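The figures here come from the full heavy-atom set of this structure, side chains too, leaving out hydrogens, waters and symmetry mates. This is a predicted model, so every value here is computed, not measured.
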Amino acid sequence: DAKARLVEMLLGHKAEVTSLAFAPDGASLLSGAADGTVILRDLRSRDPLVRTLGHPSTEQRAEQNPFYRLDGIALTSDGKTMASEGAKGKVVLWDVASGTPLRELTGNGAATESLAFTADDRSLFAATKDGMMVWDVAGDRLEGMPAGPRETAEHHAVTRDGKIVALATADNSVRLWDVAGSREMGTSLRGHQAKVTDLAFSHDGKSLASGSADGVVMLWNVDNQQPLTSPMRHDAGGIDILRFHQDGTTLAGAASPAGG
């Protein structure tokens with residue numbers, strides 16, 4: 001079997017890392033934290049550029065502050081605009097260069113779990129516990145909620161074309177859902193021995209990464225639902241976030257300390 005390996009750990013945030021996104025050119029990495037701080041890091045030099053996105057202080061209660069946590073982020077193809085998942089089902093669009101908010105997109109009130117711009121940046125997909133939401137970004141309009149699986153899942157991921165949703169289920173497995181056909185694809189992905197805590201599709205949608213509470217990361221072939229590599233274990237703690245680099249060979253992750 002092919003083997004994945006841990007290349008490096010990047011430090012710098014003072015609060016829990018809640019979101020990750022590679023820039024389209026693959027040269028930098030955005031990481032968002034629970035205190036509303038984003039670090040834009042040059043992956044060649046590893047030098048960070050810290051920006052705060054105008055969020056009120058972390059002492060303000062989350063329900064009073066729709067921008068409290070950067071629970072997920074997505075970048076447009078030109079890397080100039082970032083979408084962030086906030087509380088109360090809101091999505092905020094930011095200017096990356098200045099770190100200032102541009103406007104809000106309002107959903108159905110359900111907290112979003114995963115964001116993805118389509119390749120032309122015209123639509124933004126969000127997976128929620130109530131199903132999929134799709135926005136017309138230019139028109140600031142919620143287009144609708146395509147049919148999805150009826151069961152509730154704590155973690156989702158969506159491909160960039162919005163055609164496939166991955167769901168982490170209560171039995172430590174992962175299901176793939178064909179949005180257009182409103183049906184499950186193949187068989188469930190099984191192999192984790194602990195709760196699946198995050199999911200991420202590769203840029204081309206052909207691979208899926210799944211991480212679990214015991215620090216195990218698995219890579220899957222989306223077409224045949226089979227593992228691509230042997231499991232990789234991160235002994236420092238459980239996996240919180242996973243995101244693929246555009247080249248499909250590099251995977252970024254954030255982990256909680258063991259016992260945290």
Side-chain angles (χ1 to χ4, degrees), residues 1-9 16-22 71-72 113-116 125 127-129 131-132 148-179 181-260:
D1 291 344
K3 290 186 178 181
R5 62 186 180 89
L6 178 64
V7 177
E8 186 175 353
M9 293 183 65
E16 175 193 358
V17 176
T18 54
S19 52
L20 295 169
F22 281 102
D71 283 334
E113 181 68 32
S114 178
L115 290 171
F125 284 81
T128 78
K129 291 185 178 181
M132 291 287 299
R150 295 182 179 180
E151 75 175 274
T152 298
E154 291 191 14
H155 298 280
H156 308 70
V158 57
T159 55
R160 276 177 55 83
D161 58 10
K163 293 182 178 180
I164 302 174
V165 178
L167 306 98
T169 56
D171 61 355
N172 304 337
S173 67
V174 177
R175 292 175 58 197
L176 297 178
W177 187 264
D178 176 358
V179 175
S182 188
R183 60 181 178 83
E184 185 173 1
M185 296 173 54
T187 59
S188 296
L189 312 183
R190 300 185 182 276
H192 285 286
Q193 303 302 311
K195 176 183 176 181
V196 176
T197 50
D198 201 34
L199 299 163
F201 281 103
S202 59
H203 206 64
D204 59 10
K206 294 181 179 180
S207 302
L208 176 74
S210 58
S212 54
D214 57 358
V216 171
V217 174
M218 297 190 69
L219 301 177
W220 304 90
N221 182 310
V222 173
D223 288 336
N224 62 20
Q225 296 90 53
Q226 294 299 310
L228 287 169
T229 69
S230 55
M232 180 176 67
R233 181 176 295 277
H234 177 63
D235 294 327
I239 303 299
D240 290 330
I241 310 163
L242 293 171
R243 291 297 181 269
F244 269 101
H245 187 278
Q246 281 80 340
D247 64 10
T249 65
T250 304
L251 185 69
S256 296

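Distance alone, capped at 3.5 Å, places no donor-acceptor pair between the S188 side chain and the S173 backbone.
Side-chain contact check for L167 versus W177: some heavy-atom pair is nearer than 4.5 Å. A heavy-atom distance below 4.5 Å is not found between the side chains of L189 and M218. For the pair D214 and K195, the minimum side-chain heavy-atom distance is 4.5 Å or more. Annotation: side chain of V216 is not in contact with side chain of I239 (no heavy-atom distance under 4.5 Å). For the pair F125/L115, no side-chain contact is recorded, criterion being any heavy-atom separation below 4.5 Å from C-beta on. With contacts defined as side-chain heavy-atom distances shorter than 4.5 Å, the pair I164/D178 does not qualify. Looking at S207 and W220, their side chains never come closer than 4.5 Å, going by heavy atoms from C-beta outward. Residues L199 and V174 are in side-chain contact: their nearest non-hydrogen atoms beyond the backbone lie under 4.5 Å apart.
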- Can F201 and V158 be said to form a side chain to side chain contact (heavy atoms under 4.5 Å, CB included), step by step? CA-CA 7 Å; F201 281 103; V158 57; 5.5 Å; no
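The minimum heavy-atom distance linking A194 with S212 is given by the pair O-CB, 3.9 Å.
The distance from atom OG of S202 to atom CZ of R243, rounded to the nearest 0.5 Å, is 13.0 Å. The CG atom of L20 sits 13.0 Å away from atom NE2 of H245, with the distance rounded to the nearest 0.5 Å.
With salt bridges taken as basic N to acidic carboxylate O contacts below 4.0 Å, one links D171 and R190.
A side-chain contact (heavy atoms from CB on, under 4.5 Å) with L208 is found for exactly one of L242, L219, L176, namely L176.
Counting only N and O atoms by type, the side chains of S210 and H192 include a donor and acceptor under 3.5 Å apart.
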